[in-house]
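Numbering of ligands and ligand atoms starts at 1, following listing order. The residues of the chain are indexed from 1 along the displayed sequence.
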Amino acid sequence: MEVNATRICELLVGLHDVTVLGVEDVPDRPVRVHVESRLDQGWCRACGCRARVKDRDPVQLVDLPCFGRRVELVWRKVRWCCVEPACEAGSWTIIDDRIAPSRAVLTDRAARWATRQVGLRGRTVREVADELGCDWHTVNDAVVAYGEALLDADEERVGPVDALGLDETLFCRRGPRHLKEWCTSIVDVGGPDRPARLIDIVAGRSAAGACEWLDDQPQVWRGQIRYGVLDLSGPYRKVFDDALDHVTQIADPFHVIKHANAKLDECRRRVQNETLGHRGRKDDPLYRARRLLTKAHERLDESGDAKLAGLLEAGDPRGEVRMAWHAKEVIRSIYDLDDPDLARTFVDELADDLQDDSCPPEVHSLGRTLRRWLDHIVAWHEARATNGPTEAMNNLIKRIKRIGFGFRRLRHYRVRALLYAGRPNWDLLATITPR
Ligand SMILES: [Zn+2]
């Protein structure tokens, strides 16, 4: 046990080669710990002469909380100047990145801790900033600087990829008109025994950005990719056609079902308008049915089922919404089939059935979509038979989307998303130096 008071302070502060000069305790303020570095850097960089202490600049740093209180480290940085009158070196301050890099607001250890909290644990920047007692930008800057260095250092992060997924993500709304800004997530979809991971994020949701990114990757790496997983969109289809023409393209089940739900919603709104002459209001039967309609049927209990039937009875005189709802449920059941041949026959027939004269226009449109994407949809069943992609991608995409708010700059969003969903090797965090 240490009983020497000076050594006790040093042990508690826990920084190497640092002398604790004193502690300021002002009620309701962070504890202020004054320290000085013991590193002797008193030699002139220009002429090699002995230097002398010119003055001491106190630098205030936000440190990790201690014993339930916020802490500020006041580092009295020595400013040196050369003793040689003819020398033009001027003055300089001591550098010790173990305490904090130059111009930092957080101590090095607080910055690494914040990076881990935000990047690994997925806490918000706001929350971590409140805990430390600093502003949002301070924490964000630290996470970006340390996070980028970690991602650069982790050269093993992106290994061989079997199934590559592309997904559009809204990452911010800009300006008074809240214009949407999109980016494309490039995802390792994973496999039966491998979790999905975010590989990168590129600006925009057109084919160009993703194509350019793929062209920059090594030929060997691209050659190993067997599957391309995409939503029902032309641009990403073009990415795979142009940049990875050897891969088998697969329509992501999540997006197929989402599309069916979107058409169901479209049908509901049209019928609502045609029967009542206005957009849905809170007492209109179809408006009240909107959530029950898009919910998976097996997740409705008996009373939900009865309620839905009643609301449709009241608001859907021609049975059109009911048909669109049925179409959605049948499309969902495509993924209950295991046998690829069976799935192909099923989707093929379904595409025709949905285009029957008795069906409303939204259901027709679904039928045409199934026809156009038949090979992509059934490729899912065929790939699964060969240990292909799993549905892990969509959990990951949700994870990525959840953090996509509050960021104005794609660079910041990219680092944040990659730390959280890109599975970097966090052991490297202790070894990196931020830029
Ligand atoms: Zn000098």
- [ ] Kindly indicate whether a cation-pi arrangement holds for R45 with W80, taking the cut-offs as under 6.0 Å to the six-membered ring centre and within 45° of the axis.
- [x] no

Please give me the minimum heavy-atom distance between [X] and [Y], naming the atom from each residue.
X    : Y    : value
D97  : S102 : OD1-N, 4.4 Å
A210 : V202 : N-CG2, 4.0 Å
R237 : Q249 : CG-OE1, 3.5 Å

- [ ] Could you grab the protein N, O or S atoms closer than 2.8 Å to the Zn ion (ligand 1) for me?
- [x] C44 SG, C47 SG, C82 SG, C87 SG

- [ ] Evaluate the ring planes of Y335 and W380, with Trp represented by its six-membered ring, and classify them as parallel (under 30°), tilted (30 to 60°) or perpendicular (over 60°).
- [x] perpendicular

- [ ] For H381 and I334, indicate whether the former's side chain and the latter's backbone hold a donor-acceptor pair under 3.5 Å.
- [x] yes

